[in-house]
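Everything below concerns the one structure shown next.
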Amino acid sequence: MIKRILYTLLIMFPVLASAQINTDRVMAIGRNALYFEDYVLSIQYFNQVINAKPYLSDPYFYRGLAKINLDDFQGAESDCSEAIERNPFVVSAYQVRGLARIQQNNFAGAIEDYTKALEFDPENIGVWHNMALCRIRQEDYKGAKNDLDKLIAISPRYTKAYLMRGEVDLKQKDTLAAEKDFGKAIEIDRYDADTWASRAILRLQQQRYKDAEADFDHAIRLSTRNSGVYINRALARYHQNNLRGAMSDYDIALDIDPNNFIGHYNRGLLRAQVGDDNRAIQDFNFVIEMEPDNMMAIFNRGLLLDQTGDYKGAIKDYSTVINEYPNFLLGYQYRAQARRKIGDVKGADADEFKVLKAQLDKQNGVDPNKQTADNTENNKTRKKSDKNMNNYRKIVVADNEEGEEKYKSDYRGRVQDKNIVPQLMFVLTYYEKHDDVKRQVNYYKFIETLNNQKVLPGRLIITNEEAPLTEEQATKHFASIDEQTAAIVADPNDVNKRFARSLDFYLVQDFASAIEDLNQAIIIEGNFFPVYFNRALIRYKQLEYQKMEKEYDLKVNPGEKSAVKAADYEMVKRDLDKVIELAPDFVYAYYNRGNVLSILKDYRAAIVDYDRAIQLDPKFADAYFNRGLTHIFLGNNRQGIQDLSKAGELGLFSAYNIIKRFTERKE
């Protein structure tokens, strides 16, 4: 208890009984955690505010927003309802509740929410976007088109609206209107892969396969890691009898998305057509493992096993299909042949008799197997849901063919910024996101020595891919704050303890307390460079959060002035200057300072810092990436593309997409 009182007096951190906490401060920390995508931690803060002041609307709303990001849609809906009950005039609460209802397939409820939101904010693009998608899911195409017409009137250059209206046109069989809408979307934004892919789908449906392939080519140049585009281009190539090209596209699609059902099934069919039987069997094995009751895959595998001499395996597959479809005569024919090959004359005779009897019945007007395959040129494909066994050789296409399925995950929550952004700042912390393809190991001898001395509770790492805390980790760091506070009271001049507690505060998103500890650490030991490095990063994050909040306020109150100025970033830069003075070979300080100089639009000075970072570490992908963008901002496209190419070579694959955009624009 004494330790708890000391702790509270020293740092004023809000962990007291609910009635005593500073709710404004806790709310601010919770929103900060939410902004930096630390959702589990933010919920803990909002819980404190709700316990202290259950009549407030905001903590329920923000907790709902955190829950929706954790896929707790029912909980998000409940929290937004609580927020609306306390304050029915907040548009965002209706938006988030609408999104939560969509995820629970309650489209009517979502439309009610969006209709209410539009009463308060009639020009909200995200609301119109989502409401139109809900109407599409309800097959209310007239209502969807009406919503999209209004959205386009509000925002004539919003390409998604044209793409959605084009999809509605297709649902209503109006291909001319769809062509016009997709063409308009491309005219507005030639660098959006979705615009090209949407028109390509239309051209597939119009059987303009060469034109469709050309549009898919554009989409792939702009979005190299979208498996669906390769799957669809394979279909266009297949219709032009370019089997090798189609198989190549399936190979790439499956490299991106190894579990893609359509990719494996169709590649298996094409491999079978070109005689690559063993690898075709592998594809069908995969499909059957995914869908053990997929009779067409089982039958195709049976045919391939038959051709490769595994007659018993083939008979087993044929029998599985016949048990499911007892009137599928082709199954009896192939099983009879396979049985005869292994000497099962009796079984073969029985199967052949079944076929003969069916043929006689058909001549007499009795045909238990009404299903027939349409093998004309224009019917070389089947929907995935098609269960007609006679279509077993047909290429599979998705049931929705890029209709509502295409937009299933495209509901608008907060509007995402699709502009090209630089790589993030580095920080000293304990956690980073798991990456199966780790680009580089971030190492510095002093940090390694610090870790070996075990003066900190955890192993310090250098990263710009921070991981949000789990609930267990958050609890651990709240407890660690208590422990470090007691240690600081016992030895107030230990810089390591101050630094350790600053890390705890930073991880639980209490930036103000973290900076206060770092300030005290600098007073104790002015040459301990990690303190300056982390203080620069935390100050930078505070400014980014303030800037985001101010941008929102400016939308609400356009007359206000921005609160974040260049002088604020100068404080961040001064800390990094000190790091470089104390540790002139610490590459991450030059990189971070380069990022700050870019924000200040001092691009030439930023390039000097990126140059120095690359000189110290020639394999520093992030520095090449950001230097490349900076060169492009200065108009030096050739140098910029060269740097981006090096970043891609070193593992930052997003660089290739930017290269394609600027190369395309130049052309």
Side-chain angles (χ1 to χ4, degrees), residues 11-13 25 28-38 41 421-431 447 460-466 468 477 481 495 498-553 562-583 586-602 605-606 609 613 622 626:
I11 59 173
M12 300 298 291
F13 189 70
R25 176 165 161 70
I29 297 171
R31 290 178 65 181
N32 195 75
L34 185 63
Y35 176 73
F36 290 108
E37 300 180 1
D38 221 330
L41 179 64
V421 293
Q423 293 300 300
L424 301 173
M425 306 273 268
F426 279 82
V427 66
L428 299 171
T429 183
Y430 298 131
Y431 309 106
I447 301 300
L460 208 57
I461 58 174
I462 309 164
T463 185
N464 66 344
E465 290 288 339
E466 296 180 76
H477 287 287
I481 289 170
V495 68
R498 287 280 182 182
F499 184 61
R501 191 172 69 175
S502 78
L503 285 169
D504 288 324
F505 278 129
Y506 170 70
L507 288 166
V508 299
Q509 301 287 333
D510 185 354
F511 290 171
S513 296
I515 286 178
E516 180 57 32
D517 266 342
L518 293 170
N519 292 341
Q520 292 300 318
I522 288 169
I523 294 170
I524 297 166
E525 173 53 76
N527 293 327
F528 188 60
F529 84 82
V531 173
Y532 296 97
F533 187 73
N534 267 18
R535 188 171 71 173
L537 183 281
I538 296 170
R539 281 176 169 170
Y540 164 78
K541 282 196 168 186
Q542 282 182 314
L543 293 174
E544 290 299 291
Y545 177 68
Q546 288 171 24
K547 196 158 61 176
M548 180 276 298
E549 283 210 312
K550 199 62 189 175
E551 284 171 0
Y552 176 78
D553 290 340
S562 173
V564 180
K565 302 179 178 65
D568 297 318
Y569 285 100
E570 286 290 343
M571 293 178 64
V572 178
K573 180 178 169 294
R574 281 200 297 272
D575 273 344
L576 292 167
D577 292 343
K578 186 66 176 178
V579 176
I580 289 167
E581 176 192 324
L582 295 171
F586 189 56
V587 62
Y588 310 99
Y590 293 99
Y591 168 87
N592 278 10
R593 191 171 69 178
N595 284 6
V596 174
L597 289 166
S598 290
I599 291 169
L600 295 170
K601 294 185 167 48
D602 190 351
D609 271 343
D622 302 80
N626 286 4

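Numbering starts at 1 and runs along the sequence shown.
Considering all non-hydrogen atoms of both residues, Val508 and Ile29 come closest at O-CG2, 3.7 Å. Minimum interatomic distance between Ile447 and Pro530 (heavy atoms only, all atoms of both residues): CD1-CG, 4.3 Å. Of all heavy-atom pairs between Leu518 and Val531, the closest is O-CG1, 3.4 Å. Pairing each heavy atom of Thr463 with each of Thr429, the nearest pair is CG2-CG2, 3.6 Å. In this structure, Ser598 and Ala606 approach most closely via the heavy-atom pair OG-CB, 3.5 Å. For the pair Ala613 and Val587, the tightest heavy-atom approach, listed with the atom from each and the gap, is O-CG2, 3.3 Å.
With contacts defined as side-chain heavy-atom distances shorter than 4.5 Å, the pair Tyr588/Val579 does not qualify. For the pair Asn32 and Gln542, the minimum side-chain heavy-atom distance is 4.5 Å or more. The shortest distance between side-chain heavy atoms of Ile481 and Phe505 falls below 4.5 Å. Side-chain contact check for Tyr532 versus Arg574: every heavy-atom pair is 4.5 Å or farther apart. In this structure, Asn595 and Gln423 have side chains that are not in contact, with every pair of non-hydrogen atoms separated by 4.5 Å or more. The shortest distance between side-chain heavy atoms of Leu537 and Val572 does not fall below 4.5 Å. Asp577 places a side-chain heavy atom less than 4.5 Å from the side chain of Arg593.
A donor-acceptor contact shorter than 3.5 Å is absent between the side chain of Asp38 and the backbone of Pro468.
The line from OG of Ser502 to CD1 of Ile515 is 10.0 Å long, rounded to the nearest 0.5 Å. From Tyr35, atom OH reaches atom CD of Gln546 across 11.0 Å, with rounding to the nearest 0.5 Å. Here the straight-line distance linking atom CG of Asn527 with atom CD of Glu581 works out to 8.0 Å at 0.5 Å rounding. With values rounded to the nearest 0.5 angstrom, Leu600 atom CG is found 8.5 Å from Lys573 atom NZ. Between Phe426 atom CZ and Glu465 atom CD the span is 8.5 Å, to the nearest 0.5 Å. To the nearest 0.5 Å, atoms CG (Leu428) and CG (Leu460) are separated by 5.0 Å.
Val596 pairs in a side chain to side chain contact (heavy atoms under 4.5 Å, CB included) with only one of the listed residues (Asp609, Leu543, Asp602, Leu576), which is Leu576.
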Report the C-alpha separation of Asn592 and Tyr540 in whole Å, then their side-chain angles, then the decisive distance to 0.1 Å, and conclude whether the side-chain contact (heavy atoms from CB on, under 4.5 Å) test is met. CA-CA 10 Å; Asn592 278 10; Tyr540 164 78; over 6 Å; no
Starting from the C-alpha separation in whole Å, work towards a yes-or-no answer on side-chain contact (heavy atoms from CB on, under 4.5 Å) for Leu41 and Leu34. CA-CA 8 Å; Leu41 179 64; Leu34 185 63; over 6 Å; no
Could you walk me through whether Met425 and Asn464 pass the side-chain contact (heavy atoms from CB on, under 4.5 Å) check? CA-CA 6 Å; Met425 306 273 268; Asn464 66 344; 5.9 Å; no
Could you check Phe36 against Gln509 for side-chain contact (heavy atoms from CB on, under 4.5 Å), going step by step and ending with a plain yes or no? CA-CA 9 Å; Phe36 290 108; Gln509 301 287 333; 3.7 Å; yes
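Relative orientation of the Phe528 and Phe499 rings is perpendicular, given thresholds of 30° and 60° on the angle between their planes. Ring geometry, Phe533 versus Phe586: the interplanar angle exceeds 60°, so the pair is classed perpendicular (tilted spans 30 to 60°).
A salt bridge is absent between Lys541 and Glu544; no separation between the charged side-chain nitrogens and carboxylate oxygens falls under 4.0 Å. Here Asp510 pairs with Arg25 in a salt bridge; the nearest charged N to carboxylate O distance falls below 4.0 Å.
Tyr506 has its ring centre no less than 6.0 Å from the ring centre of His477.
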